[in-house]
Amino acid sequence: MSAIAQRFQKLKRYNEVALIGYVTAGDPDPVYTPKIAEALIKGGVDILELGLPFSDPIADGPTIQAASVRALNAGTKPKTVLQLAREIRSNYNVPLVVMTYYNPVFRMGLDNFFQLAKECLVDGVIIPDLPLEEAADYKKAARDFGIDTIFLVAPSTSDARIQKIVAATSGFLYVVSHFGVTGTKSTVEKSTLRLIKRISPFTAGRVPLAVGFGISQPEHVKRVVAAGADAVVVGSAFVSIIEKQQQNFKEMLSEIEETAKILKDATQSKAL
Amino acid sequence: MKKLCRYPLNGKYGKYGGRFVPEVLMEAITELEESYKVAKQDTRFKSDLAYYLREYVGRPTPLYFAENLTKVAGGAKIYLKREDLAHGGAHKINNTIGQALLAKRMGKTRVIAETGAGQHGVATAMACAALGLKAEVYMGAEDTERQKLNVFRMKLLNAQVHPVETGSKTLKDAINEAFRDWVTNIETTYYLIGSVVGPHPYPMMVRDFQSVIGKELKKQFREKEGRLPDALVACVGGGSNAMGTFYPFEDDADVKLFGVEAAGQGIQTGKHAASLGEGAEGVFHGMLTYVLQDNEGQIQSTHSISAGLDYPGVGPEHSFLKTLNRANYVSATDKEAAEAFLVLSQAEGILPALESAHAIAYAMKLAKTMQKDQAVVVTLSGRGDKDVHTMADYLGVKI
């Protein structure tokens, strides 16, 4: 059983929902990333998601686009990110997933990428521009190295496709909450809650269901948890803190930890 | 191996092409593919398209024997396929009218597009105005600056222009923004891609709409010379005019195909846009193809005097033709293109688009190496009015 699966099993025993925290590795500079990860973990993040920056992130909104630019300008390379993952993962027993676009992985070569990812203790990979139909070689390479492949479903995904994607995903299923790119929103749409209810029967007993895109407030977390999500992914909310506090690292860390703590508390609403 | 004209097979040209897009788009792209498949066989759609190409676009465009240019080059006969005479001044309208008819058929009310030089944006705005659709065009902020005339033309045509301030602020960033808009507004919006790029079925669909160029050319050349041409030359950015020119000749092995990329300030300077010549296989904008990228797979910014060739990727079918050695991909520098612009203007009284001037530059070199009884056809993809400011800068003239 993978570390991600074990983590969900453990949370389930306490009737808890997982908080997955995303930051772009190397933002604003690779030297900061381990401390930022530590702040997220101290705040209560159950799974850490590290973005491996790409020059043309078409699924991301302005906040993560800007983070990618900062990280790339600071010289962050795919290997830098994987080495950061190893440093973080060897210090904390928190599953770590890498999120990136397909080209950096393709360029490195699938086997090379997954071999290095394995050596760097990466537990899972998310690639938003690699749909199931193009993913056969990717899935095989990941399986060879025992790394989870986390696929995404969207509001437009038909029930027939959901079934296929659930069969292919491992670790968890990433449900994109609404039509659009990543970024904070003021509310959770009713359509998101309906979407969770539509997808849950396909994931129940098979794989945890995580909801991301636009989740930034404790209220959002409570609503998707109530609708039946097993995990929430929060990204842009953390990345905006990094952006805002670039010049004040201490403040940045405490704010990240505090935000993570508030969001984690909201995930525990299910237990009440 | 199957005849080349049978490709794509399952959305792929050999290993190139495919559909590398976020899950949000998958159902919409499948719906688009189905709608196109049905429309292509539909008598009404075919007659509507033929009607607009004839009555609105002004087709067929002439195949002109450039006698003076032939003398200047001193070798094979040079013919020009005059896409500059199509409505709007470029080949782009062949595709936009086809896709706009499809968008309407699919019940979409809002059309988005990206544009580099502005030619595709203008052609989208025209087709949408003619068919009663709302057009919004993404254009890199750097391109809105160097192609002000086209920005204003789009506005006059009632299209909304969104300058894109991210990344290199050129065509690739405009495509990124168009994708982000599309994932957000997928239910109402049709994404009208302007070249043979993007996820399947776009490279196939745009090629099919543009292949009217090659089909007409084949017939016209036969009427004039009673045979097939010896070589075809077209410029390649994304590669739509070249693909439209080449496609009806892909299985005519005696016809040599030449795609001319932008060598910018010179290949050795690194400031160019020669994706096929200098790039490596990669996945970008929904397709597996040749891409200009660094060793880590980050997409590189490109340079060309012509905004329309300033793109780090290329249509996947070109990558396929390159790998098979069916087409030759060469390049022309900014300087060669600007010189060719002047030569054609002065020899034939035709101002070519700077994009097309790359093809003219190479065709003259090629013709020189061939016999006088041979013939080269160059696709003159657009007219050069939009480039007079760039030419004035190049010549150091203030206008």
Side-chain angles (χ1 to χ4, degrees), chain A residues 52-62 65-66 68-69 72 75-81 100-109 113 127-135 137-138 151-158 160-162 164-165 173-183 213, chain B residues 10-12 15 17-31 164-168 171-189 198-200 279-289 291-301 312-313:
Chain A
L52 187 158
F54 178 53
S55 53
D56 295 79
I58 60 166
D60 285 303
Q65 284 176 47
S68 307
V69 170
L72 289 170
T76 310
K77 300 190 185 306
K79 284 181 184 166
T80 320
V81 177
T100 188
Y101 289 80
Y102 194 39
N103 200 50
V105 175
F106 181 85
R107 182 74 170 151
M108 200 186 282
F113 174 82
I127 302 187
D129 63 343
L130 186 67
L132 196 57
E133 286 76 358
E134 304 288 356
D137 294 344
Y138 161 81
F151 283 89
L152 297 92
V153 297
S156 52
T157 309
S158 67
R161 270 185 79 77
I162 290 172
K164 285 189 211 161
I165 295 171
L173 180 73
Y174 193 132
V175 176
V176 175
S177 70
H178 62 268
F179 290 105
V181 292
T182 59
F213 281 44
Chain B
N10 294 322
K12 300 220 166 160
K15 66 174 153 175
R19 203 173 256 176
F20 297 85
V21 292
E23 175 61 28
V24 183
L25 299 178
M26 287 303 285
E27 298 281 352
I29 288 180
T30 312
E31 182 200 342
V164 175
E165 300 282 355
T166 53
S168 58
L171 179 56
K172 86 172 171 78
D173 311 286
I175 296 179
N176 293 344
E177 268 323 294
F179 269 113
R180 291 182 188 120
D181 180 314
W182 201 26
V183 302
T184 310
N185 302 297
I186 193 135
E187 285 167 319
T188 57
T189 299
H200 177 69
E281 286 172 0
V283 173
F284 181 51
H285 287 158
M287 56 185 169
L288 173 52
T289 191
V291 181
L292 287 168
Q293 55 184 315
D294 68 15
N295 290 332
E296 276 78 38
Q298 306 296 348
I299 308 305
Q300 283 175 324
S301 54

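Below, chain A is the first sequence line, B the second, and so on; all start at residue 1. The basis for the numbers below is simple: all heavy atoms, side chains too, and nothing from hydrogens, waters or symmetry mates.
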Legend entry - Backbone of B:V283 reached by a side-chain donor or acceptor of A:N103 within 3.5 Å: yes
Legend entry - Interatomic distance, B:Q293 atom CD to A:R107 atom CZ [nearest 0.5 angstrom]: 4.0 Å
Legend entry - Largest heavy-atom contact set with chain B, pairs under 4.5 Å, which of A:G61, A:P104, A:P62, A:A59: A:P104
Legend entry - Atom pair CD1 (B:I29) and CD (A:E133), whose distance is rounded to the nearest 0.5 Å: 10.5 Å
Legend entry - Smallest separation among heavy atoms of B:T166 and A:Q65, with atom names: CG2-OE1, 3.3 Å
Inset, instruction - Please state whether the side chain, the backbone, both or neither of A:P128 comes within less than 4.5 Å of a heavy atom of chain B. - result: backbone
Inset, instruction - Give, for atom CZ of A:R161 and atom CE of B:M26, the distance between the pair rounded to the nearest 0.5 Å. - result: 4.5 Å
Legend entry - Portion of A:I127 that has a non-hydrogen atom of chain B nearer than 4.5 angstrom: neither
Inset, instruction - Check each atom of B:E296 against the heavy atoms of chain A and say whether the ones under 4.5 Å are side chain, backbone, both or neither. - result: both
Inset, instruction - Measure the spacing between CZ of B:F284 and OH of A:Y101 and express it to the nearest 0.5 Å. - result: 12.5 Å
Legend entry - Closest heavy-atom pair and its distance - A:V181, B:T184: N-OG1, 4.2 Å
Legend entry - Within 6.0 Å of CG in A:D137, more than 12 heavy atoms from elsewhere: no
Inset, instruction - Name the option with the most non-hydrogen atom pairs under 4.5 Å to chain B; the candidates are A:S68, A:P131, A:A154, A:P78. - result: A:P131
Legend entry - Distance in Å, B:E23 CD paired with A:L130 CG, rounded so as to fall on 0.5 Å steps: 11.0 Å
Legend entry - chain A contacts, top residue of B:G11, B:S168, B:P22 (heavy-atom pairs, under 4.5 Å): B:P22
Legend entry - Portion of A:L132 that has a non-hydrogen atom of chain B nearer than 4.5 angstrom: neither
Legend entry - B:F20 backbone acceptor or donor facing A:E134 side chain under 3.5 Å: no
Legend entry - Contact summary for A:F54 and B:I299, nearest pair of heavy atoms: CZ-CG1, 3.8 Å
Legend entry - Among the listed options A:V69, A:L72, A:V105, the residue most often paired with chain B at heavy-atom distances under 4.5 Å: A:L72
Legend entry - Atom group of B:I175 that falls short of 4.5 Å from chain A, counting heavy atoms: neither
Legend entry - Region of A:P53 that comes under 4.5 Å of a non-hydrogen atom in chain B: backbone
Legend entry - Partners passing salt bridge (Lys or Arg N to Asp or Glu O under 4.0 Å) against B:K15 (at least two apart in sequence or in another chain): B:E281
Inset, instruction - For B:R180 and A:I58, work out which heavy atoms get closest and say how close. - result: CG-O, 3.2 Å
Inset, instruction - Heavy atoms only, distances under 4.5 angstrom: which of B:E177, B:K12, B:H285 has the most pairs with chain A? Name it, please. - result: B:K12
Legend entry - Options B:G282, B:A280, B:A178, ranked by heavy-atom pairs under 4.5 Å with chain A, top entry: B:G282
Legend entry - Contacts of A:D129 that satisfy salt bridge (Lys or Arg N to Asp or Glu O under 4.0 Å) - sequence neighbours left out: none
Legend entry - Residue B:D294 versus chain A: region with a heavy atom under 4.5 Å: backbone
